[in-house]
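Scroll down for the structure; my scribbles are underneath it.
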Number of protein chains: 2
Amino acid sequence: MNRSNQILKDILKSNRLSVTNQRLLIFNILSQNQPLSMNELIKKTNSEIDRVSVYRIIETFISVGIAQKVSLGWKYKIELSDTFQDHHHHLICLACNKTIAIHNQGLESYLNKIANENNFETKNHQIEIQGYCSDCQKS
Amino acid sequence: MNRSNQILKDILKSNRLSVTNQRLLIFNILSQNQPLSMNELIKKTNSEIDRVSVYRIIETFISVGIAQKVSLGWKYKIELSDTFQDHHHHLICLACNKTIAIHNQGLESYLNKIANENNFETKNHQIEIQGYCSDCQKS
DNA sequence: CTATAATTGCAACTGATTTGCAATTAATTA
DNA sequence: TAATTAATTGCAAATCAGTTGCAATTATAG
């Protein structure tokens, strides 16, 4: 039992949610992968969980802050929330579909400044850059 | 006939696309509104255009640079391209659903810097801030 | 004005997500 | 630990978004 799994259980329990095998499996899949689309995630469950349940579990995870949606272009993928990994954004390669995490505090404060200038109370934000990674620029 | 309509027709003609009433109507709806989801757009056509055609027209508009998708959270909406309005991003109010355009050159160059540091060739980017606008913070 | 090419509308389809409900599993209590 | 209760899951079926094929219509070019 590692640290992340303990945090997961604490979050579930403090929200009166059951610790089920299905929830643990999905958490572990998310832990071991880049952001996944719903279909990618469903595939990785290897039919051990019904698709409907995967949707419901992700909905639950998002509502209690275990997972979060990140928009990639105009689709979205699922990744663990900032509780389990540092807040970040992504570069997305249009060729190989790879995501590169970017951690950049300057960018964050820049966005805060803009929100303040507009008297806007920020709840969340999305930043993504789409293009070609260094590997894929050759071809 | 205003200036924008003339630009629209020029773009269509230079791409050997017909100038049809349906295309003009959709262009005018987009001109007069904030970014619209496909369903919002379809509703505003007031059944004068079949849903399938709306999808096809937007696809065409995007391919020739008349319109563009903007991701809002993990959905997307359609707005006129940078040809018809300056490049910008949005603050989105979670309460009233209003979008506030932000024009900020510093932000753009910041993103370019990040891409360069990662040897990444940018094709497009998305930035959105979700929260509560000044009007909606009271309630 | 006619011929040709592009576009639209309709019907039907596919894939993603949601809903209702019964069966199962986890948590609570004695 | 067993029995009870509450939460969760799986299944079937519905809904919603987006797509495809094709015939009917409309725009463009001559």
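Quick note on labels: first sequence line is chain A, next is B, and so on, each numbered from 1.
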| note | Separation of dC11(D) atom P from Ile42(A) atom CD1, nearest Å, is 14 Å
| task | Examine Ile114(B) and Ile92(A) and state if one hydrophobic cluster contains both, with Ile, Leu, Val, Met, Phe, Trp and Tyr joined whenever side-chain heavy atoms are less than 4.5 Å apart. | result | no
Donor-acceptor contacts, no H, no angles, side chain residues 49-59 of chain B, under 3.5 Å, sequence neighbours left out:
from	atom 1	to	atom 2	distance (Å)
Asp50(B)	OD2	Val52(B)	N	2.9

| Heavy-atom pair with the smallest gap, counting every atom of Ile29(B) and Lys44(B) | CD1-O, 3.6 Å
| message | Please list all pairs meeting side chain to side chain donor-acceptor pair (under 3.5 Å) that have one or both residues in residues 14-27 of chain A, counting only residues at least two apart or in different chains. | response | none
| request: State, without any angle test, whether His87(A) and Asp82(A) hold a side-chain donor-acceptor pair at a distance under 3.5 Å. | output: yes
| Nearest-Å distance for atom pair CG/C1', residues Leu12(B) and dT8(C) | 15 Å
| message | Output one letter per nucleotide in nucleotides 17-30 of chain D: B when a protein non-hydrogen atom lies under 4.0 Å from the base, S when only the sugar-phosphate is that close, - when neither is. | response | SBBBB-----SS--
| note | note: Ile57(B), atom CD1; dG9(C), atom P; distance rounded to Å ~ 7 Å
| Euclidean distance, atom CZ of residue Arg16(B) to atom P of dA5(C) [Å, nearest integer] | 12 Å
| query | Rounded to whole angstrom units, what separation is found between the CD atom of Glu48(A) and the P atom of dT8(D)? | reply | 20 Å
| Spacing of Leu24(B) atom CG relative to dT8(C) atom P, expressed in whole Å | 10 Å
| message | Test salt bridge (charged side-chain N to carboxylate O under 4.0 Å, His left out) on Lys77(A) and Glu40(A); report intermediate values, then the result. | response | CA-CA 9 Å; Lys77(A) 298 201 173 191; Glu40(A) 289 167 339; 3.5 Å; yes
